[in-house]
Amino acid sequence: MSERPVKVRIAPSPTGYLHVGTARAALFNYLYARHNDGKFVLRLEDTDVARSKPEFIQPILDALKWLELDWDEEIVFQSKRSELYAEYLERFLKTDRAYHCFCSREELEAERKQARADKRSMKYSRKCLSLSKEEIQAKLDAGEKPVVRVKIPEGATTYEDIVSGELTRQNEELEDFIVARSDGSVTYNFAVVVDDYDMGISHVIRGNDHITNTFKQIILYNALELELPVFGHVPMILRPDKKKVSKRLGDKDVGEYQNEGILPEAMINYLSLLGWSPKVDNEIYSRQELIDLFDTSGLNNSNAVFDDEKLLAFNFSHIQKKSDHELAVLAAPLLVDAGVTTKYWLETRWEFLRQVVGLLRERLHRMSDIVTLGGYFFDFDYTYDPKAEAKQFHAEGAQLLSDLAERFEALDQFTHDKVEAALSELAEERDIKKGKIIHPTRLAVSGMSIGPGLYDLLVVLGQRTVVDRMKKAVEYIHQRS
RNA sequence: GGCGGUAUCGUCUAGUGGUUAGGACAGAUGGUUCUCAGCCAUCAAGCCGGGGUUCGAUCCCCCGUACCGCUACCA
């Protein structure tokens, strides 16, 4: 295999959204290309008229863009390349590896059934291989539309997989698979060979569910006398029940993780460690670090279960790496979408938003947590947590809230220290623990029993808001009783 | 069924012919604290089974088992 410039590709078929398996294959290709100053290109395998849907194309592109797996060059659409395939098919037909087959689908189906019944694997009988030129011409003249099959050679096919090492398949395990349909269009393996060759793909890194295809493709490369790319097959990503991830089983696609508040860098980082390892005791990496580190020698060959919890932990880590400003940028649209505030309001109070995320950041496992954990900063329309309310909003609590609100109102400066001092004083005078005051106050101003340190929380909320909310809580307690 | 691949804590993984088999997530416990989270510390948890090869196998070989994949005029 001669040295060629590195050029890799991801070739999704638009039969659904982008799932994590395809995303990871894309990532490995992307990392390999970037690491080696090569090209990473995108090809859409959209030739399955029955299952391909144009409406899946954009979401796939969006997901790739979200992950910033940006591809080089123009997107290649298989559906637009039928002329190219026809050329190669022409060429293939001239080799002694090609032959026409007139067997009907019904006949083949019957053979298949029989093979099953006999517990044999289905292999085409080669019935049409022995047809004479005259017989073929006669059928053609009669208007029969044959398919084109490849005559699998004797012997075995071997190649060196960059993940699994040397792999061999006895050719007799392969059947004379169909290369072109009766309507003249080529099938998957033929199109892939033509495309990978034509596009100058140097390395084919894909899921190991393609290993059988690889042998078929190699036979086609050989028949067409084309130079082979290097192949590498990465393990599958499995669900917690060890089944291959699939949309049908309810597995999330990449877009759903995005909507849940997963950061693209977290997804990238997590995915990179499924089936690959940098072999050091560190797991959190930036995109650039992954590019620098990525090496096919770190690829392993056993399937990996996708663990949402660990993804979340990675997400948390990457959230912590961001600045308050960056987090504010990410949080703003989520808060607006949730209806707790408006875009305009936030734009005029950016510093406030920045402080809020600064306060909440180490509680954010997914960005969307900002809404549930911090909605009260923007919206007074919260309800009190029922359990906490039962515990804190009693007569004594109301009295404390009312007293504290008065003292807060009288403060000339609403700083952490002043607030703390006011609260401590009250606790001392009443000879009670500070917690007795802190908890009802937190509930009054946030509706929640959990959250950031109270003094910080109060300062960010602001004197006016705090006092208002406390008074309102007092009223609420009185009304209720 | 046939063919192929894989097998280290629950999960993702590192690792070596001789190691206290390492890390991360999750779990447990303790500390910090006004709560939650975080942070810190500690703990628990693994070499699929059986044969070989060898002075010695988690590691190499074989068999078994389990799991995964492929087995279309789909991609």
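Just so we're on the same page: letters track the sequence lines, and every chain starts at 1.
In summary, the side chains of A/Ser79 and A/Asp46 do present a donor paired with an acceptor at a separation below 3.5 Å, with no hydrogens or angles considered. A side-chain donor-acceptor contact under 3.5 Å links A/Tyr99 and A/Asp176. Between the side chains of A/Arg169 and A/Thr214, no donor-acceptor pair is found at a separation under 3.5 Å.
With respect to the salt-bridge test (charged N to carboxylate O, under 4.0 angstrom), the residues A/Lys321 and A/Glu265 do not qualify.
Within the 4.0 angstrom heavy-atom criterion, only backbone atoms of the sugar-phosphate kind lie near A/Phe316; the bases stay farther away. Residue-level contact check: A/Gly207 touches neither bases nor backbone, having no heavy atom under 4.0 Å from any strand. Counting any heavy atom pair closer than 4.0 Å across all strands shown, A/Pro452 reaches a base atom. Among the protein residues, A/Glu309 comes within range of the sugar-phosphate backbone only, with heavy atoms under 4.0 Å from sugar or phosphate atoms but none that close to a base. Across all strands shown, A/Asn213 has heavy atoms under 4.0 Å from base atoms, whether or not it also approaches the sugar-phosphate. As judged by a 4.0 angstrom heavy-atom cut-off over every strand, A/Leu273 is placed among residues touching the sugar-phosphate backbone only. A/Val147 comes within contact range of at least one nucleobase, with a heavy-atom separation under 4.0 Å. Residue contacts for A/Ser164: at a heavy-atom cut-off of 4.0 Å it reaches no nucleic acid atom on any strand shown. Heavy atoms of A/Gln78 sit under 4.0 angstrom from primed sugar atoms or phosphate atoms, though from no base atom. Nucleic acid contact class of A/Ser449 (heavy atoms, under 4.0 Å, all strands): base.
Listed pair A/Arg361 / B/G38 fails the phosphate criterion, with no side-chain N or O lying under 4.0 Å from OP1 or OP2. Between A/Lys279 and B/G15 there is a side-chain N or O to OP1 or OP2 distance below 4.0 Å. Within the 4.0 Å cut-off from OP1 or OP2 of B/U33, not a single side-chain nitrogen or oxygen of A/Arg442 is found. The phosphate of B/G5 has neither OP1 nor OP2 within less than 4.0 Å of any side-chain N or O from A/Asn301.
Taking atom P on both B/C63 and B/A7, the two are 16 Å apart, rounded to the nearest angstrom.
Nearest-nucleotide mapping onto RNA chain B: of A/Ile450 and A/Ala313, the residue sitting toward the 5' end is A/Ala313. Nearest-nucleotide positions on RNA chain B place A/Glu173 closer to the 5' end than the other of A/His439 and A/Glu173.
For A/Lys310 and B/A26, a side-chain-to-base donor-acceptor distance below 3.5 Å is absent, hydrogens and geometry of angles not being considered. Interface remark: the A/Arg169 side chain does not form any donor-acceptor pair with the B/C3 base, using a distance-only criterion of under 3.5 Å. Checked by distance alone, A/Asp281 brings no side-chain donor or acceptor within 3.5 Å of a matching partner on the base of B/A24. Contact of A/Ser182 with B/C73 (side chain to base): a donor-acceptor pair of N or O atoms is detected under 3.5 Å. Residue-to-nucleotide contacts include a donor-acceptor pair under 3.5 Å from the side chain of A/Glu283 to the base of B/G23.
Checking B/U42 for Watson-Crick or G-U wobble geometry (two distances, each under 3.5 Å) identifies B/A28 as its partner. Summarising the base pairing, B/U33 is matched to no nucleotide, lacking a Watson-Crick or G-U wobble pair whose two defining distances lie under 3.5 Å. Pair check for B/G1 finds B/U71; Watson-Crick or G-U wobble, both atom distances under 3.5 Å. Under the Watson-Crick and G-U wobble criteria, each requiring two contacts below 3.5 Å, nucleotide B/U65 is paired to B/A7.
In this structure, CZ of A/Phe177 is placed 12 Å from P of B/A75, rounded to the nearest angstrom. Regarding A/His210, its NE2 atom lies at a distance of 15 Å from the C1' atom of B/U71, rounded to whole Å.
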(request) Let me see the working for A/Tyr257 and A/Phe306 under ring-ring contact (aromatic ring centres under 6.0 Å, His included), right down to the final yes or no. (result) CA-CA 13 Å; A/Tyr257 284 103; A/Phe306 192 97; 5.6 Å; yes

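Nearest nucleotide to the side chain of A/Ser277, out of B/A7, B/C34, B/A14: B/A14.
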